[in-house]
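The following block contains the structure, expressed as structure tokens.
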Amino acid sequence: MEITLEWEGEHRFAAATGSGIAVMVDGDGETGASPMESVLIALGGCMGIDVVDILRKGRQEVTGCEIRVRGERREEPPRRFTEIELTVALTGRGLTRSRAERAVELSRETYCSVVHSLAPDTGLSFEVELREA
């Protein structure tokens with residue numbers, strides 16, 4: 001996996017993935033996500049993909065998934081995340097809480113590469129919301 005970033009001035013970089021996808025990274029948050037927002041986006045996306053895949057493989061009828069991610073950072077450098085809260089809101093027909101919570105647990109413990117790339121002492125908490133379609 002390789003990413004190339006080209007400085008666009010100020011705190012902005014144009015990033016290009018190896019597969020040709022373009023993404024703007026902006027430390028000021030004006031023209032793209034900041035680097036730390038990008039971490040939260042990656043975490044939510046990674047877990048969302050896992051959870052939906054796990055539930056579908058378990059024959060759960062998922063029709064929607066919304067991930068809300070909130071992060072708290074250190075005040076002093078390095079201003080890394082110390083606490084991250086994720087809310088996984090699933091919509092579907094006949095979804096069961098036990099299977100949804102198990103899917104989140106499997107993503108967190110086994111499958112989500114982004115979770116395992118965070119500092120080991122980062123506090124992670126999860127909430128699952130179920131909505132009937």
Using the test side chain to side chain contact (heavy atoms under 4.5 Å, CB included), find all partners of Arg102 that sit at least two apart in sequence or belong to another chain.
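Per chain and number, Arg102 pairs via side chain to side chain contact (heavy atoms under 4.5 Å, CB included) with Glu105, Leu106.
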Taking atom CD of Glu8 as the centre, report whether more than 12 heavy atoms of other residues, nucleotides or ligands fall under 6.0 Å from it.
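For Glu8, atom CD is crowded (more than 12 foreign heavy atoms under 6.0 Å).
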Least distance between heavy atoms, Glu37 atom then Gly32 atom:
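Shortest heavy-atom separation between Glu37 and Gly32 comes out as OE1-O, 4.5 Å.
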Single-linkage hydrophobic cluster Val88~Leu95, side-chain heavy atoms < 4.5 angstrom
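Val88 clusters together with Leu95.
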Tell me whether Leu130 shares a hydrophobic cluster with Phe126, the cluster being built from Ile, Leu, Val, Met, Phe, Trp, Tyr side chains joined at under 4.5 Å.
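Same cluster: Leu130 reaches Phe126 through Ile, Leu, Val, Met, Phe, Trp or Tyr contacts under 4.5 Å.
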Heavy-atom side-chain contact between Leu118 and Ile84 under 4.5 Å
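Yes - at least one pair of side-chain heavy atoms lies under 4.5 Å apart.
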Share the residues that join Ile21 in a hydrophobic cluster, the rule being Ile, Leu, Val, Met, Phe, Trp or Tyr side chains under 4.5 Å apart at the heavy-atom level.
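Once heavy-atom contacts under 4.5 Å are chained together, Ile21 belongs with Val23.
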Identify the heavy atoms of Phe81 and Thr122 that sit nearest to each other, and give their distance.
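Minimum heavy-atom contact is O-OG1, 3.6 Å.
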Identify the two heavy atoms, one from Ala100 and one from Val128, that lie closest to each other, and give their separation to 0.1 Å.
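Heavy atoms of Ala100 and Val128 come nearest at CB-CG1, 3.8 Å.
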Would you say the side-chain atoms of Arg99 pair up with the backbone N or O of Gly58, donor to acceptor, closer than 3.5 Å?
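It does hold such a pair.
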Ignoring hydrogens, what is the shortest heavy-atom contact between Gly94 and Gln60? Give both atom names and the distance.
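That closest heavy-atom pairing would be O-OE1, 3.9 Å.
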Supply the atom-to-atom distance Cys46 SG to Arg108 CZ, rounded to the nearest 0.5 angstrom.
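The CZ atom of Arg108 is 13.5 Å from SG of Cys46, to the nearest 0.5 Å.
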Any chance you could measure Ile3, atom CD1, to Ser19, atom OG, to the nearest 0.5 Å?
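It is 7.5 Å, given to the nearest 0.5 Å.
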Decide whether Val25 and Val114 are clustered together by the hydrophobic rule: side chain heavy atoms of Ile, Leu, Val, Met, Phe, Trp, Tyr closer than 4.5 Å, transitively.
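Unlinked, Val25 and Val114 end up in two clusters.
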Minimum heavy-atom separation for Ile54 to Ser107, with atom names?
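Smallest interatomic distance, heavy atoms only, reads CD1-N, 4.3 Å.
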Got a sec: does the CD of Glu132 have more than 12 other heavy atoms crowding it under 6.0 Å?
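Count over threshold, so yes.
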Gly48 versus Ile67, closest heavy-atom pair with distance:
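Residues Gly48 and Ile67, closest heavy atoms: CA-CD1, 3.9 Å.
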Would you say OH of Tyr111 has more than 12 non-hydrogen atoms from neighbouring residues, nucleotides or ligands within 6.0 angstrom?
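Atom OH in Tyr111 is not packed in, count stays at 12 or less.
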Under a 3.5 Å distance rule, please check whether Arg79 uses its side chain to pair with a backbone N or O of Arg74 as donor and acceptor.
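The answer is yes, because a donor-acceptor pair under 3.5 Å joins these two groups.
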Strictly by side-chain hydrogen bond (donor to acceptor under 3.5 Å, both in side chains), give each pair with a member in residues 84-94 just once, sequence neighbours left out.
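Of all non-adjacent pairs touching residues 84-94, those that pass side-chain hydrogen bond (donor to acceptor under 3.5 Å, both in side chains) are Glu61-Arg93.
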Qualifying residues under salt bridge (Lys or Arg N to Asp or Glu O under 4.0 Å), relative to Glu101, sequence neighbours excluded
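Result, salt bridge (Lys or Arg N to Asp or Glu O under 4.0 Å) vs Glu101: Arg97.
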Which residues, ordered by chain and number, are linked to Met24 in its hydrophobic cluster, where ILVMFWY side chains connect at heavy-atom gaps below 4.5 Å, directly or through other members?
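Its cluster mates, by chain and number: none.
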Kindly write out the residues that satisfy salt bridge (Lys or Arg N to Asp or Glu O under 4.0 Å) with Asp28, not counting sequence neighbours, or none if the list is empty.
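Partners of Asp28 under the salt bridge (Lys or Arg N to Asp or Glu O under 4.0 Å) test: none.
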Taking atom CG of Leu90 and atom CG of Leu55, what is their separation to the nearest 0.5 Å?
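Answer for the CG-CG pair, Leu90 versus Leu55, is 6.0 Å.
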Taking atom CD of Glu30 and atom CZ of Arg12, what is their separation to the nearest 0.5 Å?
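The CZ atom of Arg12 is 7.0 Å from CD of Glu30, to the nearest 0.5 Å.
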Partner of Val69 under side-chain contact (heavy atoms from CB on, under 4.5 Å), chosen from Val39, Leu40, Ile41:
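Running side-chain contact (heavy atoms from CB on, under 4.5 Å) over Val39, Leu40, Ile41 with Val69 returns exactly one hit, Leu40.
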Taking the side chain from Ser34 and the backbone from Gly29, do they hold a donor-acceptor pair closer than 3.5 Å?
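Pair absent, no side-chain N/O of Ser34 close to backbone of Gly29.
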Glu83 side, atom CD; Leu124 side, atom CG - distance, nearest 0.5 Å
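Reported value, rounded in 0.5 Å steps: 8.0 Å.
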